[in-house]
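Inspection log for the structure reproduced underneath, given as structure tokens.
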Amino acid sequence: MIYQEKQEIQQKQPENASFATIAQVYGDGVTLLFGGQDAPSQKRYRVNSFAVFHPGDRVFLAKDSGTYVVLFPIGAPKESFRADTASKADAAVSANSADSAAHASSADQAANANHADTADKLKTGRTIGLTGDVTASGSFNGAANLSMSAVGVKANAVKDQNSPNNRTVRFRVADYGKLQFTSSYYNNGTWYNMDGTRA
């Protein structure tokens with residue numbers, strides 16, 4: 001481009017402008033439609049590389065050394081952000097922000113997640129066992145309640161109950177990973193926390 005053409009393009013931009021509209025986005029900058037002009041600029045302006053721009057965005061400008069730098073889009077406030085790309089997300093209601101993520105480590109609701117407020121099952125299943133006067137064991141991953149039949153009940157270990165050799169204990173994981181149980185020894189219809197308090 002010859003010097004005269006460069007000067008002509010330079011002269012078409014307003015002397016002082018704070019706002020403009022993105023006309024087109026290119027690999028080396030954007031063209032702008034300034035207020036009061038019928039056609040977008042031929043010149044491509046540099047932008048803030050940490051912001052994402054689209055044609056039609058209203059943007060804020062900063063003037064420097066006789067040209068403009070596009071700082072950021074302006075408009076109505078956003079209440080949430082969506083991920084631009086993600087290679088894996090089983091199920092999630094919301095995510096604050098991620099430009100690109102292979103895995104999400106936290107989600108409000110998820111079928112499988114490293115950390116979650118609520119989850120369908122544990123990431124790693126566990127074996128739960130009772131020892132002492134009453135013995136029982138069973139595998140538990142949180143997908144369903146666990147029922148265990150007590151065996152090896154020692155004499156006088158359970159009193160004032162019928163059929164002391166057969167007790168039913170069920171476990172579940174409540175919200176936030178709290179382990180709870182219900183037992184025919186206490187009240188088969190009531191869930192208890194592991195410290196013995198009612199759930």
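Looking at every heavy atom in both residues, F140 comes nearest to R172 through CZ-CA, 3.6 Å. Across every non-hydrogen atom of P73 and V52, the tightest pair is CG-O, 3.6 Å. Contact detail for L146 and S139: the closest heavy-atom pair is CD1-O, 3.5 Å. Of all heavy-atom pairs spanning P14 and Q37, the tightest one is CD-NE2, 3.9 Å. For P55 against A23, the heavy-atom pair with the smallest separation is CB-O, 3.7 Å. In this structure, R198 and N193 approach most closely via the heavy-atom pair O-ND2, 3.6 Å.
Rounding to the nearest 0.5 angstrom, the gap separating the CG atom in N16 from the CG atom in L61 is 11.0 Å. Between F53 atom CZ and L71 atom CG the span is 7.5 Å, to the nearest 0.5 Å. Interatomic distance, OG1 of T31 versus OH of Y45, reported as 9.5 Å (0.5 Å rounding). Note: F60 CZ to F19 CZ = 5.5 Å, rounded to the nearest 0.5 Å. R170 CZ to N145 CG: the interatomic distance, rounded to the nearest 0.5 Å, is 5.5 Å. Expressed to the nearest 0.5 Å, how far CD of Q24 lies from OG of S41 amounts to 11.0 Å.
Side-chain contact check for K63 and S18: no donor-acceptor pair (N or O, by modelled atom type) lies under 3.5 Å.
Surrounding CZ of R58 are more than 12 heavy atoms belonging to other residues, nucleotides or ligands, all under 6.0 Å away.
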Quick one: do F171 and M148 satisfy side-chain contact (heavy atoms from CB on, under 4.5 Å)? Show the steps, please.
CA-CA 9 Å; F171 292 88; M148 296 188 301; 3.1 Å; yes
Let's go through I74 and V59 carefully: what are the C-alpha distance in whole Å and the side-chain angles of both, what is the deciding distance for side-chain contact (heavy atoms from CB on, under 4.5 Å) to 0.1 Å, and is it a yes or a no?
CA-CA 5 Å; I74 59 173; V59 293; 6.0 Å; no
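By the 4.5 Å heavy-atom criterion applied to side chains, N48 and V69 are not counted as neighbours. Side-chain contact check for R46 versus Y68: every heavy-atom pair is 4.5 Å or farther apart. Side-chain contact check for L32 versus I22: some heavy-atom pair is nearer than 4.5 Å.
Side-chain heavy atoms closer than 4.5 Å link hydrophobic residues (I, L, V, M, F, W, Y) into clusters, and following such links, possibly through other members, connects V169 to L179. Linking Ile, Leu, Val, Met, Phe, Trp and Tyr residues whenever their side-chain heavy atoms come within less than 4.5 Å places V173 and Y192 in a single cluster.
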